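What follows is a short report on a single structure.
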Amino acid sequence: MSTKNPTGERTDKNTKGEEPRKHFIEEIIDRDRASGKHGGRVATRFPPEPNGYLHIGHAKSICLNFGLAAKYGGTCNLRFDDTNPSTEEMEYVESIQKDVSWLGFDWEDRRFFASDYFEKFFELAVDLVKKGLAYVDSSDMDAIRKKRGDYNTPGQKSPYRDRSVEENLDLLGRMRAGDLEEGTAVLRAKIDMESPNMNLRDPIMYRIRKASHHRTGDKWCIYPMYDFAHGYEDAIEGITHSICTLEFENHRPLYDWFLDNVAPLASRPQQIEFARLNLTYTVMSKRKLLELVQGGDVSGWDDPRMPTISGMRRRGYTPKAIRDFCDRIGVAKRDSMVDVALLEHAVREDLNETSPRVMAVIDPLKLVIENYPEGEEEWFDAAYFPDAPGRGTRKVPFSREIYIERDDFREDAPRKWHRFAPGQEVRLRYACLVKCERVVKNDKGEVVELRCTWDPKSRGGTSPDGRKVKGTSHWVSARHALKAEVRQYDRLFDKENPLAGEGDYKGHLNKDSLGVIEGAVVEPSLAQVKAGDRVQFERIGYYCVDSEDSAPGHLVFNRTVTLKDSWARIERNLEKDTSASGSGKRGQNRPKAKAEGNAEENAAEESGDQITIGTFAKVDLRVGIIRSAELVEKADKLLKLMVDIGEGRLRQVFAGIRSAYPEPASLVGEKVIVVANLKPRQMRFGLSEGMVLAGGGGTERLCVASFDGELEPGDKVS
RNA sequence: UGGGGUGUAGGCUAGCGGUAGGCCCCAGGUUUUUGGUACCUGUCAUCGUAGGUUCGAAUCCUACCACCCCAGCCA
């Protein structure tokens, strides 16, 4: 219902994303509280099965359940759903507890185990038997499966379905006592063998399992099934909202059936389902993660490439980043696959705030400052947080021989290269300006050393005469350098969805997901770092001291995530410019776009960077005369041009050349080159019916290509 | 060929009858002793499709289509 206030403004609509929007579960809770259900109480639970380590998908559920409790002043229990002794272990309950508290959530004194309720479950089962709603089926597994039917054929009743209550009670007692062997009998709920919902075709409640349970030992040899147990666990604990993932939607009628057919318990919980998290470039099922661990594809559950909480912790992720991520992805019911870039964004955001900056060189190249006295050294002040100098500084030693990043040097510098190259001056961060004078190579022609000179007046890295030095590089003094091992982690899989398509997902493991670099060097202030410490290696990325393998004499750093690298982007575009002569829109080379590229583009791609003359000939270039030119409002780069190309009408063209022609009137009368057969493009200001060729790039040196001479509008340009 | 769900830009997500908003990605720019950060700007959606109701539909109705889940003595 829409309501309007006296000024006519809608009052029930979300204002510009101010209030965090509510997801459907919060709406359900709001409704329940408004109607007084559960006395307004909110009680949730996080119910992991202790048969594996928690992963980022569980984090979503943890944040949801604990978050809801916090938001509504309720409680959230940690409950181990340990109803299957054959897969569960104490190791897992330890790790789960560690992960939940590390994420920042507190279950206080509410740690529960389903196994604590085993006696109660048995009572409930007996109750159901007495009501004629459960029976012992002595069929074997195979017979039960066959009689269950399938989607198109109803199931058939078991021959044991109509045993008397007495017989059932007796049999159930013997199941419990261990008189019956595994697989010879189960307790089943008597519901409906013809139900279109397979879950309702007399689901199994108890199976015989003569295995030792990690908590109850050998006390039991029958164990309850999930559907039978879960609702009761919730009810016993007074849970109000029992949140689980979508695949349990089909089980909800069962959840309700079990609750409705026994005497009322402490509360009547409601099951609500949401979509589990999927992340690009990884897998999320416990089974597959186990396979990776057991198959030796990773070093363990806490391998920093794993999407497990423990792996991410070791990798350097922060609890806050993970919580933020979970907030951003939202809660809904549609299947989705979240871009791992969003996760990376969340860590960068937190780490940018919290990680002190230090200098490290991953792939060292020696640089000798020829006019710096041998044997001398000086120590420069360097801020841990350059954007907040108050947050502390350290001293960084400088001397005649230093290491720089090999990647920061190019013998043949491309355009826009601001870093080391012959003859180019570069700033050494916090230290000084140096100029590369000479390159020393070995027999194989590899660069082994740079010979430079420095400007003593630039101490601290300042420019004494105000000369522009665009590039700043990180470095480490050779004499003072600490050796370090650096592990350059990358995505575990090289395919967005490793599960899609044919073939085993393991075939898509990223061969380069772990790059171990032994010969890195770091500044001496890092000598005392402790396991888990996080830093930013300036200009490179965020790193974390490995909690297992790092030691004072042997530092090991794990790459959490790289810094954003806009040089990589520039370089990509440069390559594209040289191969495609800068025509058309740049920067749309997302993987999808490539696949959907039209035939011509594909043809061009097939022959590498070159196109055939035939392809080029398809471009219809015409002489055009600009008849009018004006600024486009709300578009600071565009000019609207009306161009005559001899068609008897003017073409409207929007061109991004405003920076070069602040007074567009000067363009009127220019003879220019127009791409005449470009597919018209609908822009918010109107239709753009072609393109005017221009030279230069960026804002500097931009100019439309024009002709002099006796050319007529519409003349072909070749 | 049963049942249960879900469909809003490249990816997430809001919208709850008044004509699509946010975040990520991408592109460009300003500031910068990190090609980082911050800030600004921009591109991209006839809301799965087709009908209908209505002055008005992403929102209501109908039909269709696509995708996901279900035949463990797993959870």
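Just so we're clear, the structure is a prediction, and the values are computed from it rather than from any experiment. Throughout, a chain's letter reflects where its sequence line sits, starting with A, and its residues are numbered from 1.
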Can the ring centroids of [X] and [Y] be said to lie less than 6.0 angstrom from one another?
| X | Y | value |
| --- | --- | --- |
| A/Phe398 | A/Phe380 | yes |
| A/Phe228 | A/Tyr232 | yes |
| A/His230 | A/Tyr226 | yes |

Expressed in angstrom and rounded to an integer, what is the separation of [X] atom [atom1] from [N] atom [atom2]?
| X | N | atom1 | atom2 | value |
| --- | --- | --- | --- | --- |
| A/Arg145 | B/C70 | CZ | C1' | 16 Å |
| A/Phe24 | B/G15 | CZ | P | 12 Å |
| A/Asp140 | B/G72 | CG | P | 14 Å |
| A/Glu353 | B/A38 | CD | C1' | 11 Å |
| A/Ile570 | B/A27 | CD1 | C1' | 13 Å |

Does [X] put a side-chain nitrogen or oxygen below 4.0 Å from OP1 or OP2 of [N]?
| X | N | answer |
| --- | --- | --- |
| A/Arg334 | B/G48 | no |
| A/Thr280 | B/G11 | no |
| A/Asn573 | B/G28 | yes |
| A/Arg207 | B/C74 | yes |
| A/Thr83 | B/A75 | yes |
| A/Arg569 | B/A27 | yes |
| A/Ser566 | B/G36 | yes |
| A/His474 | B/U34 | no |
| A/Arg209 | B/C74 | yes |
| A/Arg328 | B/C23 | no |

Please state the [atom1] separation for the pair [N] and [M] - nearest whole angstrom.
| N | M | atom1 | answer |
| --- | --- | --- | --- |
| B/G7 | B/G15 | P | 12 Å |
| B/U13 | B/U8 | P | 8 Å |
| B/G2 | B/U49 | P | 25 Å |
| B/A14 | B/A9 | C1' | 14 Å |

So which nucleotide does [N] pair with, by the Watson-Crick or G-U wobble rule with both distances under 3.5 Å?
| N | result |
| --- | --- |
| B/G51 | B/C61 |
| B/C73 | none |
| B/U6 | B/A66 |

Nearest-nucleotide comparison on RNA chain B, the residue closer to the 5′ end among A/Ser458 and A/Leu342: A/Leu342

5' priority, RNA chain B, between A/Thr184 and A/Glu27 [closest heavy atom]: A/Glu27

Of the candidate nucleotides [options], which contains the atom at the shortest distance from the side chain of [X]?
| X | options | result |
| --- | --- | --- |
| A/Ile204 | B/C73, B/G35, B/U34 | B/C73 |
| A/Lys564 | B/C25, B/C68, B/G35 | B/C25 |
| A/Asn84 | B/G3, B/C74, B/G5 | B/C74 |
| A/Asn352 | B/C73, B/U34, B/U37 | B/U37 |
| A/Ala341 | B/A71, B/C73, B/C24 | B/C24 |
| A/Asn152 | B/A71, B/U1, B/A14 | B/U1 |
| A/Lys333 | B/G72, B/G35, B/G5 | B/G5 |
| A/Glu247 | B/A75, B/G3, B/G15 | B/A75 |
| A/Phe248 | B/U34, B/A75, B/C12 | B/A75 |
| A/Asn250 | B/G35, B/C69, B/U34 | B/C69 |

Syn/anti label of B/G17 as read from its glycosidic torsion, with the cut at 90° from 0: anti

Touch class at under 4.0 angstrom, heavy-atom based, for A/Val331 against every strand present: sugar-phosphate

Touch class at under 4.0 angstrom, heavy-atom based, for A/Arg427 against every strand present: base

Plane angle bin for A/Tyr117 and A/Phe121 - parallel if under 30°, tilted between 30 and 60°, otherwise perpendicular: perpendicular

Value rounded to 0.5 Å, distance of NZ in A/Lys60 from CD1 in A/Ile329: 4.5 Å

Pair of N/O donor and acceptor under 3.5 Å linking B/C24 base with A/Asp339 side chain: no

Neighbour count above 12 (heavy atom, 6.0 Å) for A/Glu89 CD: yes

Face-to-face stacking of A/Tyr226 with B/A75, centres under 5.5 angstrom, angle under 30°: no

Stacked pair A/His230-B/A75, distance under 5.5 Å, angle under 30°: no

Carboxylate-amine/guanidinium proximity below 4.0 Å for A/Lys146 and A/Asp142: yes

Donor-acceptor contact below 3.5 Å, side chain A/Lys210 vs main chain A/Ile222: no

